[in-house]
Amino acid sequence: MPNFQAPLYYLVPLLWALLFTRYRFKKTEASLDGVPAVGSTNPILSWVGAFQSLTDSRTILQEGYNKYRGGLFRVPRFDGWTVYVTSPVLVEELRKAPDDVLSFSEATKKQLQINYTLGRNIHENGYHIPIVRSQLTRSLTPLFPDVRDEIVAAFSDVVPKGVESDWVEVPAMESVMQIICRTSNRIFVGLPKCRDPDYIQLNTSFTLDVVAGAAIINMFPDFLKPIAGRLLTNISKSVQRGINHLRPIIEERRRNLNEYGPDYEGKPNDMLSWLMRAADATEGTVENLTRRILTVNFAAIHTSSTSFTQALYNLATRPEYAAPLREEVDAVVAEMGWTKAAMQKMKKLDSFMKESQRLEGLGIAVMGRLALKDFVFSDGTFIPAGTMVSVAAGPMHHDDDVYANANEFDGFRFANIREEEGQGTKHQMVSTTTEYVSFGHGRHACPGRFFAANELKAMMAHVVSLYDIRFPDNVRPVNTYFATACVPDMKAKVLFRKRQA
Ligand code: HEM
Ligand SMILES: *[C@@H]1O[C@H](CO)[C@@H](O)[C@H](O)[C@H]1NC(C)=O
Ligand SMILES: *[C@@H]1O[C@H](CO)[C@@H](O)[C@H](O)[C@H]1NC(C)=O
Ligand SMILES: *[C@@H]1O[C@H](CO)[C@@H](O)[C@H](O)[C@H]1NC(C)=O
Ligand SMILES: CC(=O)N[C@H]1CO[C@H](CO)[C@@H](O)[C@@H]1O
């Protein structure tokens, strides 16, 4: 983590703020008059709001949502305003807006400072996205045995041996991260790299490098950003570490390709191979391929790990779900074995994972878009170019008008809807709607969600079929909120014991 004590972190942005506070709001502020603000609109006081939206975003978003439900409201950032939409109708308008008006990629580029973090070409050439969306998703069936094998091996390494005879403590988040990282990278770069402890550590810390780095870089004026990116973040060090891991693998595969042709026998069927085949000459360099693999890990690891940890916490505090889940898993596996098709058949499990994500998904604000041109919502709200727009996902997912008894965890909520309404696949975990936006919605919806849902369900199916779990004191650990992220307790321990019944 960065050293936030250093005066540099405060002085430079503070000076910048004092000098340019008036300027930074002048351009868009007048034309945002029609959108009610949470907190003060005074340029100086709104700085307090900007700090609060980093440290206590949940309260701010909920306050805005309660006051302006069905409409829009705005919240200050250090460098402008974010406008939040609060209803499925407005989510639909956001989804339908063209990319050159409300831009997903420009919003991500700004939020993550991609030029100085993941790398400029990630933004300019997103060739990994169709690979994640199509090739990875299509490969889930043939690659399922690998996913399953890594899950079994990883749990067996992570859960202490005493579990055969007694309850053992498992530090949840850390263990889940390890298992997710191994399982995902089994498919991204293959064995044995996916089990290399330093590689795993890199992939878990790289996300923090980028998120913390972007937060730091964001505080600096544009002309200082390249310097801040180089001096104040660990990103280039991490990329170098990644190169050290992947260079030998990439070079060996390239030798084989040159010698034996594009489909040589034993060619690994994984993300790295697909990227190598699709990359052009500049993207095919070791450094650029490494950045691409790190980017996919960035998108995959913390998102999946927090989602699984929340579901694990929910299962550990709600023992009544263990029996029906286990019954479903046992029956489906007896019939179809451990396969991708079996995972799809487990409707209760799917519902349980989806409900966990609905209530405590990582993003309490999602679908960030940057207005490149002026935009008008159907209710007449005017959004000037330059404004960030986002969905208040957390409050919407907790709204009784959107979900019956929205604040209650009802693990089989979606399974019951599927049963009653016979709506086929519409309510499965991977189906996005204007009400369920944990994976976004529309053309930019998470392309990795099919992979994620399959992996998370395979992990949870493994847990219920092998273990009993509970908390030492039966109290669910509380979440913390930072910026727009809802993070499960990172330190909590869950007790595991070999399944008794
Ligand atoms: C539970 C786990 C996950 C969650 C909650 C999640 C959520 C999201 C969300 C909210 C977005 C942005 C959608 C929008 O703003 O409209 C996104 C984008 C993305 N996700 Fe995921 N994700 C997860 C897992 C994964 C995995 C496993 C991968 C890769 C294998 C992945 C790859 C991506 C990529 C590449 C994008 C950017 C798409 C683009 O640039 O168009 N995600 N994800
Ligand atoms: C970079 O890494 C070092 C050690 O790993 C750590 O002490 C430092 O705080 C990190 N800096 C940032 C900006 O993340
Ligand atoms: C990112 O880099 C490109 C090319 O150097 C430049 O045109 C663009 O303005 C930069 N964007 C930001 C937000 O710094
Ligand atoms: C990576 O790709 C970018 C653009 O695609 C290119 O400009 C750059 O030279 C490449 N970097 C390396 C080290 O190959
Ligand atoms: C599983 C694993 O190796 N986790 C590590 C990931 O990186 C963070 C930050 O460097 C470590 O604290 C974790 O232990």
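When a ligand or atom number is given, it counts from 1 through the structure's own listing order. Please read all numbers here as calculations on a predicted model, not as lab measurements.
If you number the atoms of ligand 1 from 1 as listed, the ones under 4.0 Å from a heavy atom of Ser438 come out as 5 (C), 7 (C), 10 (C). Each of the following atoms of ligand 1 lies closer than 4.0 Å to a heavy atom of Leu136: 30 (C). Residue contact check: His444 has heavy atoms under 4.0 Å from atoms 13 (C), 14 (C), 16 (O), 41 (O) of ligand 1. Here is the list of ligand 1 atoms found below 4.0 Å of a heavy atom in Ser304: 1 (C), 2 (C), 27 (C).
Scanning the protein for heavy atoms near atom 24 (C) of ligand 1, the closest one is Thr303 OG1, 3.5 Å. Atom 1 (C) of ligand 1 has Gln357 OE1, 3.4 Å as its closest protein atom, hydrogens excluded (heavy atom only). At the shortest separation from atom 27 (C) of ligand 1 among protein heavy atoms lies Ala300 CB, 3.4 Å. The nearest protein atom to atom 5 (O) of ligand 4, hydrogens excluded, is given as Glu283 OE2, 3.0 Å; this is a heavy-atom distance. In this structure, atom 3 (C) of ligand 4 lies nearest to the protein heavy atom Asn288 ND2, 3.6 Å. The single protein non-hydrogen atom nearest to atom 6 (C) of ligand 1 is Phe439 CD2, 3.7 Å, given as residue, atom name and distance. Counting only heavy atoms of the protein, atom 14 (O) of ligand 4 lies nearest to Thr285 OG1, 2.8 Å. The protein atom (non-hydrogen) at minimum distance from atom 8 (C) of ligand 1 is Cys446 CB, 3.5 Å. From the protein, the heavy atom lying nearest to atom 16 (O) of ligand 1 is Arg369 NH2, 3.0 Å.
When Gly448, Ala299, Pro447 are ranked by how near their heavy atoms come to atom 19 (C) of ligand 1, first place goes to Pro447. Distances from atom 15 (O) of ligand 1 to the heavy atoms of Phe104, Phe451, Phe308 show the closest one on Phe104. Between atom 4 (C) of ligand 4 and the options Val286, Asn121, Ile122, the minimum heavy-atom separation is to Asn121.
With rounding to the nearest 0.5 angstrom, the CG atom of Asp149 is 12.0 Å from the CG atom of Leu143.
Of the heavy atoms in Thr295, none comes closer than 4.0 Å to ligand 1.
Annotation: cation-pi geometry not satisfied between Arg476 and Phe471 (NZ/CZ under 6.0 angstrom from ring centroid, within 45° of ring axis). In this structure, Lys225 is not positioned above the aromatic face of Tyr116 in the sense of NZ or CZ being under 6.0 Å from the six-membered ring centre and within 45° of the axis. In this structure, Lys340 is not positioned above the aromatic face of Phe144 in the sense of NZ or CZ being under 6.0 Å from the six-membered ring centre and within 45° of the axis.
Within the 4.0 Å heavy-atom shell around ligand 1 one finds Met367.
Inclusion of Glu287 in the set of residues having an N or O under 3.5 Å from an N or O of ligand 4 is not warranted.
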